Amino acid sequence: MSQLSEQPCEACHWDAPHVTETEIEQYRTEIPEWQIVDRNGIMQLQRTFTFKNFVQALDFTQRVGEIAEQADHHPAILTEYGKVTVSWWSHKIKGLHKNDFILAARTDEVAT
Ligand SMILES: C[C@H](O)[C@H](O)[C@H]1CNC2=NC(N)=NC(=O)C2=N1
C-alpha cells in the first residue's frame, strides 16, 4: 500500500463510514505528530506547527489551503505569530474519515 499522502481522497458522502480503531492505529503510524482530539463530540486530527515568525506561518497556511482546494477537503486553520494549528475532520460525517489522515500526511509534506 502506497504512503498515505500519495493515496487518492475518496468522495465523502453523508453515509461514508468513520475510520475504525484498527484503521486509526494503522494510519497513525504515518502521522505520529498528530493528536486525535474530541471537539464538541467530533473527533479531529490536530497538529501545531511552529515557525520563526508570522510571515512563515502565513506562507505555510497558504500551502495548506492549496492542498485543501486540490482535494476539495478543508481543515480548520489557526494562524498565529510563529505557529499554525491545523485540524482535519470530515464535516459530512461529523468525524474522521480516511481522507483526513491523507490530508494530514500531505500537510506534513508542505511543512518542510
Ligand atoms: C461542496 C463541497 O465539495 C463539500 O462541502 C466539501 C468541502 N470541503 C470539505 N471539507 C471537509 N473537511 N469535510 C467535508 O465534508 C467537506 N465537504
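Note that ligands are numbered from 1 as they come in the structure, with each ligand's atoms numbered from 1 the same way. This structure is a prediction, so every number in the text was calculated from the model and none was measured. Reckoned from all heavy atoms, side chains included, excluding hydrogens, waters and symmetry mates.
- Considering only residues two or more places apart in sequence or on other chains, Phe49 meets the ring pair (Phe, Tyr, Trp, His ring centres under 6.0 Å) condition with Trp34, Phe60.
- Using a 4.0 Å cut-off between charged side-chain N and carboxylate O, Lys92 and Asp15 make no salt bridge.
- Heavy atoms only, all atoms of each residue included: Glu80 and Ala57 are closest at O-CB, 3.5 Å.
- At a cut-off of 3.5 Å, with distance as the only test, a side-chain donor of Gln46 or Arg39 sits close to an acceptor on the other residue.
- Partners of Thr29 by side chain to side chain donor-acceptor pair (under 3.5 Å), not counting sequence neighbours: none found.
- Near ligand 1, residues Asp72, His73, His74, Trp89, Ser90, His91, Lys92 each place a heavy atom inside the 4.0 Å sphere around the ligand atoms.
- His91 pairs by the ring pair (Phe, Tyr, Trp, His ring centres under 6.0 Å) definition with Trp89, not counting sequence neighbours.
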